[in-house]
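Please read all numbers here as calculations on a predicted model, not as lab measurements. Every number for a ligand or one of its atoms is a count from 1 in the order of the listing. Hydrogens, waters and symmetry mates play no part in the numbers below; they use all other heavy atoms, side chains included.
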Amino acid sequence: MSRLPQLVPISIADLEHNAHATLALNALDYYRSGANDMQTLKDNQDAYNRLRLRPRILRDVSKVDTKTTLLGHTVGSPICIAPTAMQRLANDAGEKATARAAAKAKKCMILSSWSTTSAEDTIAAGQEIPVDQSSTSGLPLFWFQLYVYKDRVVTEQLIRRVEKAGYKGRVEIEIVIETLVITVDTPFLGRRLADVRNVFKLPGHMTMANFENKDSKVTMATILDQNEDSDDGVDFIYDAKTGASKRVVRQESSLAAYVVSQIDPTLNWSDIAWVRSITKLPVVVKGVLTAEDAKLAADTGVEGILVSNHGGRQLDGVLATIDALPEVLDAVKGRGVEVYIDGGVRKGTDVLKALALGAKAVFLGRPILWGLAHDGEDGVSLALNLIQQEFELAMALAGCCKIEDINRDHVQHGTGPRPRL
Ligand SMILES: Cc1cc2nc3c(=O)[nH]c(=O)nc-3n(C[C@H](O)[C@H](O)[C@H](O)COP(=O)(O)O)c2cc1C
Ligand SMILES: CCCCC(=O)C(=O)O
């Protein structure tokens, strides 16, 4: 692979550029790909660029405060970390590095079900960072992303593990896993062509750590080719229920094969109700793109909706998330459901636009991975700080001192004069 010269990163785009130069192709392609033609992947960013800001002037913006609340918890900023699987492909410290950077920045991090570090170890890493409990500028927050397995016993065990890992109720520890984020857009894995070509797989020394326990080193038998060295195109698919491994000839991304074998494509609204019935954790559904589904989510009683197209990695050709956001917000207006967004957020002005349209918070996927690839924990801190500083500047230049100052009048579609209301 040709190597590009490294940049001293001063934007998320620079971090991405550097990651292209440093990551192994298997990891780079897995991280950067969208599904099929990657139309939605591109549109997620383009759609932000189609929006225009309407700044207000002469408003004393000498002090800007970005703290906000997420389901009742005060965090330092509405800029949060989306769940991305297998972070150790970017840097050996993986999810631990991300957790420490999130804790330092007092930001919310969602840990993926498919992390290469366990929920317990990730939380513990976050707790290494001292937090000022009396701080009025917010505290870090850790949420957990759940894939619902065909085997509900496996799903429930994972929920119990996560509840336990959250140490909820111990007053001296403020970092809690407070919310389950159920991903609902992945009954099957979207077709990411580069992963198919690369026959993507997780390297043998990494594991899907949330499915291990002290007695069994489940080397993620699931997607691993157990004959790693010879790469003979044969996988052993692990059946979590029987503990047996089935031999399959691999013709595609091992991840896609794993999803087929484990993740429940029959998932429907009654399963969301089931999850709610077995845990006290608040529930956010991740992957809503339409008013119709937003209403059903509210009817199911969820606490939050994350408007997401999975970073353009699932159904190619769907709306950019920022274009889908208004109909979701309209559909659940007055229902007490918080609405967040992810996909294509790369600049401080993107954050401002999303909040102006009504999102409570934005979540970053790939930018965190680019930061990790750049320099582990410091790289994630850099990614978070770069976009945080851009956001604070954008707020000030738009005449906003605090999050509540940002409103619908700060943004318009297109470049023409604002239509009369
Ligand atoms: C490499 C990668 C892995 C991901 N893994 C997960 C995952 O395990 N669970 C999940 O719900 N979403 C996952 N996502 C989707 C992200 O949570 C998020 O929706 C998306 O990345 C946001 O778009 P952005 O990358 O443009 O910021 C993943 C995305 C990427 C790029
Ligand atoms: C079930 C897929 C797990 C990882 C993921 O969500 C992604 O690669 O986008």
Charged N-O contact under 4.0 Å between [X] and [Y]:
X      : Y      : value
Arg192 : Asp29  : no
Glu390 : Arg346 : no
Glu377 : Lys96  : no
Glu128 : Arg100 : yes
Asp330 : Lys333 : no
Arg335 : Asp299 : yes

Tyr30 six-ring centre to Arg313 NZ/CZ under 6.0 Å and within 45° of normal
yes
Under 4.0 Å to a heavy atom of [X] - the qualifying atoms of ligand 1, by number:
X      : value
Tyr147 : 7 (C), 8 (O), 9 (N), 10 (C), 11 (O)
Ser112 : 7 (C), 8 (O)
Tyr31  : 1 (C), 31 (C)

Pick one of side chain, backbone, both or neither for how [X] approaches ligand 1, counting any non-hydrogen atom pair under 4.0 Å.
X      : value
Leu369 : side chain
Arg313 : side chain
Thr183 : side chain
Ala85  : both
Lys286 : side chain

Among all protein non-hydrogen atoms, which one is nearest to [atom], and what is the separation to 0.1 Å?
atom                    : answer
atom 27 (O) of ligand 1 : Gly365 N, 2.9 Å
atom 13 (C) of ligand 1 : Pro83 O, 3.0 Å
atom 26 (O) of ligand 1 : Arg346 NH2, 2.7 Å
atom 18 (C) of ligand 1 : Asp342 OD2, 3.2 Å

A student comparing Gln145, Arg192, His310 should find that the heavy atom closest to atom 9 (N) of ligand 1 comes from Gln145
Closest heavy-atom approach to atom 22 (C) of ligand 1 among Gly344, Gly343, Ser308, Ala82 is made by Gly343
Hey, could you give me the CZ/CG distance between Arg408 and Leu329, rounded to the nearest 0.5 Å?
9.5 Å
Phe211 and Tyr149 aromatic centres sub-6.0 Å:
yes
Where do Pro367 and Val345 come nearest, in terms of heavy atoms and distance?
CG-O, 3.8 Å
Holding to ring pair (Phe, Tyr, Trp, His ring centres under 6.0 Å), I want the full list of residues that pass it with Phe363, two or more places apart in sequence or in another chain.
Tyr340
Just by distance, no angles: are the side chains of Ser308 and Asp342 close enough, under 3.5 Å, to form a donor-acceptor pair?
yes
Per the under 4.0 Å non-hydrogen criterion, ligand 2 touches Tyr30, Ala85, Trp114, Tyr147, Thr186, Leu189, Arg192, Leu255, Val259, His310, Arg313
